[in-house]
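Here's the structure, in structure tokens; my notes come after.
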Amino acid sequence: MADASKSVAELAEMLKSYIARSKKTQRQIAEEAGVPSPSYLSHMANGRINWVESDYFRPIATALGLKTQEIAELKPDLILTERPLTDAERRGWVLPEEDEEPEIPLALQVAAEKYGHGDNAPLAERRWLVELADLDFREEPETPEDWLAIYSRLSKLIDPKAN
């Protein structure tokens, strides 16, 4: 909950001063914070919406570059992270952990064993297995030959990084 000693009007004035200090336009802040529109942010700055209690408080604070202490004074119960939020986190997107590797389908493992030699040797490399297994398909390849065909087409276009 926001500091009860501050009225919505006082919080709105603080928001205006933070915006001025940031040297950004309301449109820029709204875009960075994922706020529905600059006019919504304007309603906050004019005291019609309590910005500190809104769902957009954290992303707005990040877009404004507020310091940890300023955020804590505005919303003491907010649990702060040690690192700044990424753009995806500000927008509420959940991204998979970078260390997570996809499960390698059995047919792809068989394709690597059966066809991963000679000109197709990279197919047996971990980097290719992970890359292929991580692709989204309308219909999952079912046979080792399907996986070989996909590898053959992609290997002409990309070369995945080694982990």
Handout entry: salt_bridge(Glu31, Lys24) N-O dist < 4.0 Å
Key = no
Exercise for the section: Please check if the side chain of Arg27 supplies one atom and the backbone of Pro38 the other of a donor-acceptor pair under 3.5 Å. Expected result: no
Practice task
Return the set of residues passing ring pair (Phe, Tyr, Trp, His ring centres under 6.0 Å) with Phe57 (not counting sequence neighbours), or none when no residue passes.
Solution key: Trp51
Handout entry: Gap between atom NZ of Lys67 and atom CD of Gln69 - 0.5 Å precision
Key = 9.5 Å
Practice task
Determine whether Val35 and Pro59 make a side-chain contact, defined as any pair of heavy atoms from C-beta on separated by less than 4.5 Å.
Solution key: no
Handout entry: Side-chain heavy atoms of Leu66 within contact of Leu74, under 4.5 Å
Key = yes
Practice task
Would you list the pairs meeting ring-ring contact (aromatic ring centres under 6.0 Å, His included) in which at least one residue belongs to residues 13-40, sequence neighbours left out?
Solution key: Tyr40-Tyr56
Completion exercise
Taken to the nearest 0.5 Å, the spacing of Leu123 CG from Leu129 CG works out to 6.5 Å
Exercise for the section: Apply side-chain hydrogen bond (donor to acceptor under 3.5 Å, both in side chains) to Arg48 and list each qualifying residue two or more places apart in sequence or on a separate chain. Expected result: His43
Handout entry: Joint cluster assignment, Ile71 & Val52, ILVMFWY side-chain distance < 4.5 Å
Key = yes
Practice task
May I have all residue pairs that pass side-chain hydrogen bond (donor to acceptor under 3.5 Å, both in side chains) and include part of residues 128-141, sequence neighbours excluded?
Solution key: none
Exercise for the section: Please tell me if the side chains of Glu70 and Leu64 come closer than 4.5 Å, counting only heavy atoms from C-beta onward. Expected result: no
Fill in the blank from the handout: Residues at least two apart in sequence or cross-chain that pass side-chain hydrogen bond (donor to acceptor under 3.5 Å, both in side chains) with Ser42, listed by chain then number, are Asn46
Side-chain donor/acceptor pairs under 3.5 Å, residues 108-115, sequence neighbours excluded:
| residue | atom | partner | partner atom | Å |
| --- | --- | --- | --- | --- |
| Gln109 | NE2 | Ile104 | O | 2.8 |
| Lys114 | NZ | Glu145 | OE2 | 3.3 |
| Tyr115 | OH | Glu145 | OE2 | 2.5 |

Fill in the blank from the handout: Residues at least two apart in sequence or cross-chain that pass side-chain hydrogen bond (donor to acceptor under 3.5 Å, both in side chains) with Ser37, listed by chain then number, are Ser39
Problem - Transitive ILVMFWY side-chain link Ile49 to Ile29, under 4.5 Å - result: yes
Completion exercise
Residues at least two apart in sequence or cross-chain that pass side chain to side chain contact (heavy atoms under 4.5 Å, CB included) with His117, listed by chain then number, are none
Practice task
For Thr143, enumerate each residue passing the side-chain hydrogen bond (donor to acceptor under 3.5 Å, both in side chains) test, keeping only those at least two apart in sequence or located in another chain.
Solution key: Asp146
Problem - Residues that Ser17 engages under side chain to side chain contact (heavy atoms under 4.5 Å, CB included), provided they are two or more places apart - result: none
Practice task
Any salt bridge (charged side-chain N to carboxylate O under 4.0 Å, His left out) involving residues 7-19? Give me the pairs, sequence neighbours left out, ordered by first then second residue.
Solution key: Glu13-Lys16
Handout entry: Met44 CE to Glu53 CD distance, which is reported to the nearest 0.5 Å
Key = 11.0 Å
Handout entry: Which residues share a side chain to side chain contact (heavy atoms under 4.5 Å, CB included) with Ala107, sequence neighbours left out
Key = Pro144, Trp147
Problem - Between CG on residue Asn120 and OG on residue Ser155, distance to nearest 0.5 Å - result: 7.0 Å
Completion exercise
Rounded to the nearest 0.5 angstrom, the CZ-CD1 distance for Arg153 and Ile158 is 12.5 Å
Handout entry: Same cluster (ILVMFWY, side-chain, under 4.5 Å), Leu106 and Phe137
Key = no
Problem - Non-hydrogen atoms of Gly65 and Arg21 that approach each other most closely - result: O-NH2, 4.3 Å
Problem - Under 3.5 Å side-chain donor-acceptor pair for Glu32 and Gln28 - result: no
